[in-house]
Amino acid sequence: MTVSSKKLDQIFADTRRQYPEEFHWIFDQNNTRMRWQIEMVLKNVPAGGRLLDIGAGVVPFMLICQKLGYETIVIDDMEDATYQTESSKQILDVFKDTGVRLISGDAFEIGLDALNGEKLDLVTSHDSMEHWHNSPKKLFHELWKHLNKGGLFWIGVPNCVNLRKRITVPFGKGKWSQMKDWYEPEIFRGHVREPDVDDLRYIGRDIGAAKVEIVGKNWLGYRNPSKLIRTVTPVVDRGMQLFPSLCSDIYLFAWK
């Protein structure tokens, strides 16, 4: 499916205007990342395909895909503190009004009965799996069964052994989460286990993928407070992508 850059620019701008101002940072800090995600969908999923995102929250990935003519489904329990505001509820109303099907709940608890046996062309989950306390093995196998032949299973996670962590951990830096983030809340919703490249390949083999590709990205640099780092990141990122195991963000692309 081909979409002009001008049309994508317009969709992004229109979607940003639909979001309350306090959530405009999602677009301002993640524009490069979201454009890449959309480009991957356009490249790998036929026009009008059915997409499922687990743990999407209010990130506009599926919303923009819906505007591009895809049929989109989001499963999320919406229990993070970010989603308890009136502004976030306004965003979810935009999702619904645009046609995104929202299934509220924990995917491990509600299962996939809500899909009513529907086949999918894309199953994705970005920056969510590392927060899960349950093993995703059974869920992933069920999702795999729902994929059409040639469909894409696409998982994105932070890399537990990226280059920065390899450098800083020997100096006592680089913990997955702050003490107060784990100790103070009644329920911890931070990173439980960050995977590495070998872990993603393990998942690809386990679900029986016909083809597997690991892609590395370095999104943290694009939204770094330092203008210098933001400026050099595109150059550094291109080189580091040759070595996904060093990148801050890693992706499993598994085709059925």
Side-chain angles (χ1 to χ4, degrees), residues 8 12 25-45 53-57 59-62 64-65 122-132 136 140 152-178 181 189-207 209 211-255:
L8 274 181
F12 269 79
W25 63 268
I26 294 177
F27 297 84
D28 300 338
Q29 296 183 15
N30 298 282
N31 181 67
T32 302
R33 172 180 179 161
M34 290 193 295
R35 289 294 287 254
W36 175 75
Q37 290 175 314
I38 296 298
E39 289 168 3
M40 290 299 99
V41 173
L42 294 172
K43 178 181 177 181
N44 289 285
V45 184
D53 192 334
I54 295 181
V59 174
F61 180 29
M62 286 295 103
I64 292 172
C65 287
L122 170 70
V123 170
T124 190
S125 183
H126 294 168
D127 296 319
S128 183
M129 187 178 78
E130 66 273 13
H131 297 265
W132 299 350
F140 284 173
L152 175 61
F153 183 89
W154 180 18
I155 301 294
V157 290
N159 179 10
C160 69
V161 289
N162 66 44
L163 181 60
R164 180 195 62 78
K165 292 171 183 174
R166 297 186 195 197
I167 295 172
T168 60
V169 167
F171 296 95
K173 304 290 184 180
K175 290 188 292 186
W176 287 356
S177 59
Q178 298 300 313
D181 296 328
R189 295 179 64 87
H191 292 192
V192 176
R193 186 182 189 279
E194 294 184 351
D196 62 12
V197 166
D198 287 341
D199 293 341
L200 295 187
R201 292 193 185 281
Y202 184 105
I203 291 172
R205 290 193 302 270
D206 183 62
I207 60 179
K211 176 185 174 184
V212 167
E213 182 179 351
I214 304 297
V215 174
K217 293 287 185 177
N218 295 282
W219 303 124
L220 292 178
Y222 287 93
R223 60 175 186 262
N224 193 282
S226 168
K227 183 178 180 180
L228 175 61
I229 293 179
R230 293 197 306 271
T231 302
V232 302
T233 289
V235 178
V236 175
D237 185 29
R238 282 194 294 271
M240 288 185 65
Q241 286 178 38
L242 298 173
F243 308 95
S245 63
L246 300 180
C247 294
S248 67
D249 303 87
I250 48 177
Y251 294 87
L252 166 68
F253 288 79
W255 287 270

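Sequential numbering from 1 along the given sequence is applied to the chain's residues.
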Gap separating the [atom1] atom of [X] from the [atom2] atom of [Y], nearest 0.5 angstrom:
{"X": "M129", "Y": "L200", "atom1": "CE", "atom2": "CG", "value": "6.0 Å"}
{"X": "N218", "Y": "T32", "atom1": "CG", "atom2": "OG1", "value": "12.5 Å"}
{"X": "L42", "Y": "L8", "atom1": "CG", "atom2": "CG", "value": "6.5 Å"}
{"X": "I26", "Y": "R33", "atom1": "CD1", "atom2": "CZ", "value": "11.0 Å"}
{"X": "K217", "Y": "Y222", "atom1": "NZ", "atom2": "OH", "value": "6.5 Å"}
{"X": "R201", "Y": "I250", "atom1": "CZ", "atom2": "CD1", "value": "10.0 Å"}

Measure from the side-chain N and O atoms of [X] to the backbone N and O of [Y], and report whether any donor-acceptor pair falls under 3.5 Å.
{"X": "D196", "Y": "S245", "value": "no"}
{"X": "D237", "Y": "T233", "value": "no"}
{"X": "S125", "Y": "I54", "value": "yes"}
{"X": "N224", "Y": "R230", "value": "no"}
{"X": "D249", "Y": "W219", "value": "yes"}
{"X": "D206", "Y": "Y202", "value": "no"}
{"X": "H191", "Y": "H131", "value": "no"}

Go through it in stages, so that I can follow the logic: the residues are I155 and F140, the test is side-chain contact (heavy atoms from CB on, under 4.5 Å), and I'd like the CA-CA distance, side-chain angles, deciding distance and then a yes or no.
CA-CA 10 Å; I155 301 294; F140 284 173; 4.1 Å; yes

Shortest non-hydrogen separation from [X] to [Y] and the atoms involved:
{"X": "G156", "Y": "E130", "value": "O-OE1, 4.4 Å"}
{"X": "V215", "Y": "F253", "value": "CG2-CE1, 3.6 Å"}
{"X": "A254", "Y": "V212", "value": "CB-CG2, 4.3 Å"}
{"X": "G216", "Y": "P244", "value": "N-CB, 3.8 Å"}
{"X": "D53", "Y": "M62", "value": "CB-CG, 3.5 Å"}

4.5 Å side-chain heavy-atom contact, [X] and [Y]:
{"X": "I64", "Y": "Q37", "result": "no"}
{"X": "F61", "Y": "T124", "result": "yes"}
{"X": "W255", "Y": "N44", "result": "yes"}
{"X": "M34", "Y": "P60", "result": "yes"}
{"X": "R35", "Y": "F12", "result": "yes"}
{"X": "V157", "Y": "E194", "result": "no"}

#### Entry: Whether W154 and Y251 hold their rings parallel, tilted or perpendicular, with breakpoints at 30° and 60°
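W154 vs Y251 ring planes: tilted.
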
(request) Evaluate the side chain to side chain donor-acceptor pair (under 3.5 Å) criterion for residues W132 and S128: first the C-alpha distance (whole Å), next the side-chain angles of each, then the deciding distance (0.1 Å), finally the verdict. (result) CA-CA 7 Å; W132 299 350; S128 183; 2.9 Å; yes

